[in-house]
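Hydrogens, waters and symmetry mates play no part in the numbers below; they use all other heavy atoms, side chains included.
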Amino acid sequence: MFSVFVPSESALKKATITDFAALPDNAVWIDLVNPTMAEDKAVERLAGIAVPTREDMQEIEISSRLYIENGARYMTATLMCQSDTDMPRTTAVTFILAGHRLVTVRYDTPKPFAVVEYKLARSCSPAITGEQVLMELLDAVIDRCADILERVGADIDQVSHDIFEPDSERHGHAKQYSRILIAIGRKGDLTSKVRESLVSIGRLVTFLSAVVEGVKWSKDMREQLKTMQRDVGSLTDHASYLSNKITFVLDAMLGVVNLEQNNIIKLFSVMAVVLMPPTLIASIYGMNFKDMPELQWHLGYPLAIVAMVAAAVVPYYIFKLKKWL
């Protein structure tokens, strides 16, 4: 389906299109969502542009994502979707500027689109253009990435607290270890996706800044582009910092797990050493040789018990004195 937005006195209104025969002359934004072949052809005919296919949008070459064709500027970026769930993903979105009209092609529902649609539906200039709508969308996308990174940072701080300052004794809590490791993995995956999105947005903003040279864009819009470039750069650096922090937290968690396993192995080793002398004594007097004088002693059995207990207690206290336990 596709939606057409036209400016009114103080807001951007969604126009109702009953057929593909005509397009409002004052339409500034055409939003294609999971378009059919018929809708693609209709928009191509009415707007005078070539709508890229889904396969074209998924190309990773910069030349395939950022280019100018017949005076229209084609820009494809990778945006975040479902970032609030346990299964975040990225999706390719194409922005096409043809004249003063913006056409967006997407196959998912990134949250910034709903935010901008709601914002412009409440208030906007009656002279709004497609370029201004694009700036609003890019600004919302960057803000969304910043919010996600802020949330990831807070979650990683909590995970770090759980590792280094646990509220309760962790020994034997395998489920807690699994929960922490899963949380670290999810935050690392989310951070990498956000960084991928920021890199693509940074390329888009750089391309847009280059092609507006010689185009009569307002000074405020040019300044806004420069601000976006700085924001994307700082957010990309912050995403890299979070990635390094996640790696550190993961290494720390694995170190804690290894330490816990080493303590368990050490305990078994100590118990084996402690029980070895009593086992030796019991083995000796469990042999069936005929000439064993101790077997005829009246106090042989109690002495053997005392010897085995002493052989177990003495190594235990030696380990305690050496602080091996």
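- In this structure, the separation between CG on L250 and NZ on K187 is 15.0 Å, given to the nearest 0.5 Å.
- At distances below 3.5 Å, at least one donor-acceptor pair connects side-chain atoms of R65 with backbone N or O atoms of E59.
- By the side chain to side chain contact (heavy atoms under 4.5 Å, CB included) test, M221 is found to be paired with E131, Q132, M135, W217, S218, residues two or more places apart in sequence or in another chain being considered.
- Following chains of ILVMFWY side-chain contacts shorter than 4.5 Å, one cannot reach I128 starting from V115, and the two form parts of different hydrophobic clusters.
- As a member of the Ile/Leu/Val/Met/Phe/Trp/Tyr network built from side-chain separations under 4.5 Å, I264 groups with F268.
- In this view, Y67 and E69, Y74 satisfy the side chain to side chain contact (heavy atoms under 4.5 Å, CB included) rule, not counting sequence neighbours.
- In this structure, D220 has no salt bridge (charged side-chain N to carboxylate O under 4.0 Å, His left out) partners at least two apart in sequence or on a different chain.
- The minimum heavy-atom distance linking V93 with R106 is given by the pair CG2-CB, 3.9 Å.
- Only one option out of R230, Q229, Q224 pairs with T227 in a side chain to side chain donor-acceptor pair (under 3.5 Å); it is R230.
- If you chain together hydrophobic residues whose side chains sit under 4.5 Å apart, V199 and I148 never meet in one group.
- When all heavy atoms of L225 and V205 are compared, the closest pair comes out as O-CG1, 3.7 Å.
- Listed by chain and residue number, nothing satisfies the side chain to side chain donor-acceptor pair (under 3.5 Å) test with R101 (two or more places apart in sequence, or in another chain).
- With sequence neighbours excluded, no residue satisfies salt bridge (charged side-chain N to carboxylate O under 4.0 Å, His left out) with D143.
- Nearest approach of A72 to I49, heavy atoms of both residues: CB-CG2, 4.2 Å.
- Remark: N70 CG is loosely packed, at most 12 non-hydrogen atoms of other residues, nucleotides or ligands lying under 6.0 Å away.
- Taking the ring centre of F207 as origin, the terminal cationic atom of R73 falls outside the region bounded by 6.0 Å and 45° from the ring axis.
- Qualifying side chain to side chain donor-acceptor pair (under 3.5 Å) partners for S197, counting only residues two or more places apart in sequence or in other chains: none.
- When the salt bridge (charged side-chain N to carboxylate O under 4.0 Å, His left out) test is applied to R54, no partner is found at least two apart in sequence or on another chain.
- With sequence neighbours excluded, no residue satisfies side chain to side chain donor-acceptor pair (under 3.5 Å) with D237.
- With sequence neighbours excluded, the residues forming a salt bridge (charged side-chain N to carboxylate O under 4.0 Å, His left out) with K245 are D157, listed by chain and number.
- By the criterion of side-chain heavy atoms lying less than 4.5 angstrom apart, applied directly or through intervening Ile, Leu, Val, Met, Phe, Trp or Tyr residues, M276 is not grouped with V306; the two fall into different hydrophobic clusters.
- Under the 4.0 Å criterion applied to side-chain N and carboxylate O atoms, D155 and R186 are not assigned as salt-bridge partners.
- In this structure, D189 contributes its side chain and G185 its backbone to no donor-acceptor pair below 3.5 Å.
- Legend: residues meeting ring pair (Phe, Tyr, Trp, His ring centres under 6.0 Å) with Y241, ordered by chain and number and at least two apart, are H238.
- Across every non-hydrogen atom of V159 and V249, the tightest pair is CG1-CG1, 3.8 Å.
- Note on K119 versus E136: salt bridge recorded, some NZ/NE/NH1/NH2 to OD/OE distance being below 4.0 Å.
- With sequence neighbours left out, R151 forms a side chain to side chain donor-acceptor pair (under 3.5 Å) with D84.
- Here the shortest heavy-atom pairing between P112 and L137 reads O-CD2, 4.3 Å.
- With hydrogens and angles ignored, the 3.5 Å screen pairs no side-chain donor or acceptor of S160 with any backbone N or O of I156.
- The aromatic rings of F95 and F113 lie parallel to each other, their planes meeting at an angle below 30°, with 60° marking the opposite boundary.
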